[in-house]
Amino acid sequence: MTDKLDLIIWFTVSQIPVGKVMTYGQIAKACGYPGYARYVGTVLKKLPSDTDIPWHRVINAQGRISFPFDSEAYHRQRERLLAEGVNVENGRITLRHYQY
DNA sequence: AGTCTGACGGGAT
DNA sequence: TATCCCGCCAGAC
């Protein structure tokens with residue numbers, strides 16, 4: 001069951017335009033699985049490091065990157081977003097960067 | 001079968 | 001605005 005859902009989630013995330021972001025909850029809902037926000041994170045975590053899927057365009061409902069500020073993962077995601085023109089100053093992402 | 005763990009979310013305080 | 005708390009769901013043990 002979750003196997004097909006993984007594919008839907010991968011596809012949905014890959015549809016996020018450059019310079020835009022979506023929350024875990026929005027991804028889940030867009031996939032037809034509201035309430036599966038947590039699972040979206042689980043799926044992204046399983047992606048290989050060399051994936052083409054833009055996992056960095058997925059943030060939490062608070063408009064923040066869901067990694068500890070001092071972690072390596074946090075900086076990787078932040079750099080990728082900044083490179084696409086997404087303002088992450090102050091640790092938060094403005095609503096104007098949202099796809100929805 | 002019971003319990004714990006997350007790249008989560010939302011309401012209460 | 002900042003915590004806290006609880007509900008949520010699949011996986012690992």
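Quick note on labels: first sequence line is chain A, next is B, and so on, each numbered from 1.
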Check your understanding: For the side chain of A:Trp55, counting heavy atoms from C-beta on, which of B:dA7, B:dG9, B:dG6 is nearest?
Key -> B:dA7
Point to revise | Separation of B:dG10 C1' from A:Lys29 NZ (nearest whole Å) | key: 12 Å
Exercise for review: Please state whether the phosphate of B:dG6, meaning OP1 or OP2, lies under 4.0 angstrom from any side-chain nitrogen or oxygen of A:Thr42.
Suggested key: no
Review point. Whole-Å distance between C:dC9 P and A:Asp6 CG?
Key: 16 Å
Exercise for review: Could you tell me whether the side chain of A:Tyr100 reaches within less than 4.5 Å of the side chain of A:Thr23, counting heavy atoms only?
Suggested key: no
Please list each protein N or O that sits under 3.5 Å from an N or O in nucleotides 6-8 of chain C, with the distance.
from  : atom 1 : to      : atom 2 : distance (Å)
C:dG7 : O6     : A:Arg38 : NH1    : 3.4
C:dC8 : N3     : A:Arg38 : NH1    : 3.3

Review point. Over how many whole Å does the gap from A:Lys46 atom NZ to B:dG6 atom C1' extend?
Key: 13 Å
**Study point:** Quiz item: A:Tyr24 side-chain donor-acceptor pair to B:dA7 base, under 3.5 Å
**Key:** yes
Exercise for review: Run the numbers on A:Val43 and A:Val13 for side chain to side chain contact (heavy atoms under 4.5 Å, CB included), then give the verdict.
Suggested key: CA-CA 11 Å; A:Val43 171; A:Val13 173; over 6 Å; no
Study note, to complete from the structure: Regarding the side chain of A:Tyr36, the nearest nucleotide among B:dG6, B:dG9, C:dC9 is C:dC9
Check your understanding: Where the side chain of A:Phe67 is defined as all heavy atoms beyond and including C-beta, which of B:dG6, B:dA7, B:dG9 is the nearest nucleotide?
Key -> B:dA7
Exercise for review: State which of C:dG11, B:dG6, B:dG9 makes the closest approach to the side chain of A:Lys45.
Suggested key: B:dG6
Point to revise | Separation of atom NZ in A:Lys4 from atom C1' in C:dA10, rounded to whole Å | key: 16 Å
Check your understanding: Does a salt bridge link A:Arg57 with A:Glu84, judged by any charged N lying under 4.0 Å from a carboxylate O?
Key -> yes
Practice item. May I have the step-by-step check of side chain to side chain contact (heavy atoms under 4.5 Å, CB included) for A:Leu82 and A:Glu79, ending in yes or no? Key: CA-CA 5 Å; A:Leu82 291 176; A:Glu79 289 308 307; 4.1 Å; yes
Practice item. Following the transitive rule for hydrophobic clusters with a side-chain heavy-atom cut-off under 4.5 Å over Ile, Leu, Val, Met, Phe, Trp and Tyr, establish whether A:Phe11 and A:Tyr36 coincide in one cluster. Key: no
Review point. Is there side-chain contact between A:Ile9 and A:Tyr33, with at least one heavy-atom pair below 4.5 Å?
Key: no
Exercise for review: Report the distance from atom CZ of A:Arg64 to atom P of B:dA7, rounded to the nearest whole Å.
Suggested key: 17 Å
Check your understanding: Atom OH of A:Tyr39 and atom C1' of C:dA12: how far apart are they, to the nearest Å?
Key -> 13 Å
Practice item. Measure from CG on A:Asp3 to C1' on C:dA10 and round the result to the nearest Å. Key: 13 Å
Revision key, fill the gap. Assert: residue with more 5' nearest nucleotide on DNA chain C, out of A:Arg92 and A:Pro34, is A:Arg92
Exercise for review: In whole angstrom, give the distance that lies between atom CD1 of A:Ile27 and atom C1' of B:dC8.
Suggested key: 13 Å
Practice item. Dump the intermediate steps for side-chain hydrogen bond (donor to acceptor under 3.5 Å, both in side chains) on A:Thr94 and A:Asn87, then the final yes or no. Key: CA-CA 7 Å; A:Thr94 314; A:Asn87 191 324; 5.7 Å; no
